[in-house]
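Below is one structure, written out as structure tokens; comments come after it.
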Amino acid sequence: LFPSPTLFRSTHLPFAGDVRPNVVVPARDLTSSFASWALLAERGYELRPIDDIDGVFPTDAFASAVDEHTAVIAASFIQSATGYRLDIDALKELSHGKDSWLVIDASQALGAIDIDVDGIDALLSCSHTWTLGMRGLAHLYIRPGLRDTFDSIGPAWKVTDAPRQGFYGPIMALSFTGSTSDASSPWFNPIVDVEGLRIVDAVGTGAIEAHNMGLVDELESRGITVPFERANRSSIVSLDV
């Protein structure tokens with residue numbers, strides 16, 4: 001669900017070369033995310049895990065780990081284990097203040113929370129959670145101008161600039177759009193995915209978030225202790241049992 005960091009050309013990563021760059025990521029992030037970035041250690045990158053404090057990831061903890069050699073700040077917008085909502089605006093300011101890339105896993109947010117991608121370098125999400133799709137598809141946003149720094153590591157017939165004329169060689173002209181990263185789709189999944197997105201679009205993520213947060217308030221009104229400050233709550237509520 002999380003594209004391998006080998007998609008990044010190391011020569012285009014900020015500060016790559018003679019300086020050993022680092023990647024800052026929450027220590028208890030979902031393995032699909034954390035492990036992908038941890039693999040960069042094999043290519044000389046330093047991994048800097050951020051520990052939580054009772055499930056909270058303070059912005060100060062990220063700030064203390066980020067320096068002039070930070071290539072990427074990568075984090076799940078919503079922590080799936082706890083429902084904690086990171087302060088994305090603070091991370092945007094932090095990453096661009098250091099010329100680092102901000103990569104957000106929105107798998108537990110997209111479709112349930114309005115997301116402003118301005119200031120985010122890459123945002124990705126699986127399709128089987130809040131966007132009501134099926135396992136096997138994912139969504140990826142890359143800010144304009146950054147897509148050219150990605151390589152296709154598993155090129156298929158869909159990555160050409162004219163896919164229906166590109167079934168065979170010898171000419172291989174890659175697409176200049178996001179389709180250059182596409183793989184062959186599981187045929188029935190996109191049908192479900194489109195219908196799920198139509199439902200989300202018709203209802204509106206703002207209405208979905210308001211409804212879900214109303215349910216969280218209902219839990220609290222019934223005497224259940226809901227963790228975190230309201231600004232850091234999400235559509236996931238995790239309780240000790």
Side-chain angles (χ1 to χ4, degrees), residues 1-110 113 115-125 140-143 145-146 149-150 227-234 236 238:
L1 301 178
F2 198 100
S4 167
T6 53
L7 282 170
F8 293 101
R9 297 178 188 162
S10 59
T11 54
H12 288 272
L13 274 172
F15 313 112
D18 296 333
V19 177
R20 187 185 183 203
N22 61 74
V23 178
V24 176
V25 61
R28 287 177 55 80
D29 217 337
L30 187 67
T31 303
S32 301
S33 176
F34 184 87
S36 296
W37 297 107
L39 290 175
L40 280 178
E42 298 177 359
R43 299 180 61 188
Y45 290 82
E46 176 191 357
L47 187 70
R48 295 185 176 178
I50 302 298
D51 292 323
D52 66 286
I53 302 173
D54 295 327
V56 174
F57 290 94
T59 302
D60 291 345
F62 283 91
S64 63
V66 172
D67 58 23
E68 66 272 19
H69 303 313
T70 300
V72 179
I73 301 172
S76 294
F77 187 1
I78 306 298
Q79 296 293 303
S80 62
T82 63
Y84 182 78
R85 183 193 304 218
L86 268 65
D87 187 343
I88 293 297
D89 289 336
L91 292 182
K92 290 178 182 180
E93 183 177 349
L94 178 61
S95 65
H96 293 287
K98 298 290 186 180
D99 291 326
S100 305
W101 291 356
L102 179 61
V103 179
I104 297 299
D105 185 335
S107 295
Q108 298 297 340
L110 190 68
I113 295 174
I115 303 174
D116 182 4
V117 295
D118 185 36
I120 296 176
D121 296 292
L123 181 140
L124 53 129
S125 173
L140 173 64
Y141 161 84
I142 306 173
R143 69 168 168 82
L146 188 61
T149 65
F150 283 70
F228 314 129
E229 299 295 329
R230 186 173 181 81
N232 297 115
R233 294 176 181 175
S234 71
I236 295 175
S238 182

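A quick note: this is a predicted structure, and the numbers were derived from the prediction, not measured.
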Fill in: Intermediate values then yes/no, side-chain contact (heavy atoms from CB on, under 4.5 Å), Ile104 and Ile115
CA-CA 11 Å; Ile104 297 299; Ile115 303 174; over 6 Å; no
Worksheet entry | Distance, nearest 0.5 Å, that separates CD of Glu68 from CG of Asp99 | 11.0 Å
Response to the item:
Taken to the nearest 0.5 Å, the spacing of Leu123 CG from Arg143 CZ works out to 13.5 Å
Worksheet item: If you round to the nearest 0.5 Å, how far is CG of Leu146 from CH2 of Trp101?
Response: 4.5 Å
Discussion item. Between Leu40 and Leu47, is the side-chain contact (heavy atoms from CB on, under 4.5 Å) condition met? List the steps.
Written reply: CA-CA 8 Å; Leu40 280 178; Leu47 187 70; over 6 Å; no
Discussion item. On a heavy-atom basis, which atom in Leu102 and which in Gly119 lie closest, and how many Å separate them?
Written reply: CD2-O, 4.0 Å
Fill in: Minimum heavy-atom distance between Pro49 and Phe34, given as atom pair plus value
CB-CE1, 4.2 Å
Fill in: Intermediate values then yes/no, side-chain contact (heavy atoms from CB on, under 4.5 Å), Phe62 and Leu86
CA-CA 11 Å; Phe62 283 91; Leu86 268 65; 3.9 Å; yes
Discussion item. If I compare all heavy atoms of Asp29 with all of Ser76, which pair ends up nearest, and what's the gap?
Written reply: OD1-OG, 2.5 Å
Worksheet item: If you take all heavy atoms of Ala231 and Arg85, which pair is closest and at what distance?
Response: O-CD, 3.5 Å
Worksheet entry | Heavy-atom side-chain proximity of Arg48 to Asp67 below 4.5 angstrom | yes
Worksheet entry | Where Pro21 and Tyr45 come nearest, the two heavy atoms and their spacing | CG-CE2, 2.9 Å
Practice prompt. Give the minimum heavy-atom separation between Ile50 and Ala61, together with the two atoms involved.
Written response: CD1-O, 3.4 Å
Fill in: Distance in Å, Ile73 CD1 paired with Ile120 CD1, rounded so as to fall on 0.5 Å steps
12.0 Å
Fill in: Short side-chain to backbone donor-acceptor contact, Arg233 and Phe228, under 3.5 Å
yes
Worksheet item: Is any side-chain heavy atom of Val103 less than 4.5 Å from a side-chain heavy atom of Leu124?
Response: yes
Response to the item:
Output for pair (Leu94 CG, Ile88 CD1), nearest 0.5 Å, gives 11.5 Å
Practice prompt. Please confirm whether the backbone N or O of Gly83 pairs with a side-chain atom of Ser238, one donor and one acceptor, at under 3.5 Å?
Written response: no
Item to complete: Taking the side chain as every heavy atom from C-beta outward, state whether Gln79 and Pro26 have any pair of such atoms under 4.5 Å apart.
Response: yes
Fill in: Asp52 (side chain) donor-acceptor with Phe57 (main chain) under 3.5 angstrom
no
Worksheet item: For the side chain of Ser100 and the backbone of Thr70, is there at least one donor-acceptor N/O pair under 3.5 Å apart?
Response: yes
Worksheet item: Do Asp116 and Lys92 come within less than 4.5 Å of each other through their side chains, counting heavy atoms only?
Response: yes
Item to complete: Walk me through it: do His96 and Asp121 pass the test side-chain contact (heavy atoms from CB on, under 4.5 Å)?
Response: CA-CA 10 Å; His96 293 287; Asp121 296 292; 3.6 Å; yes
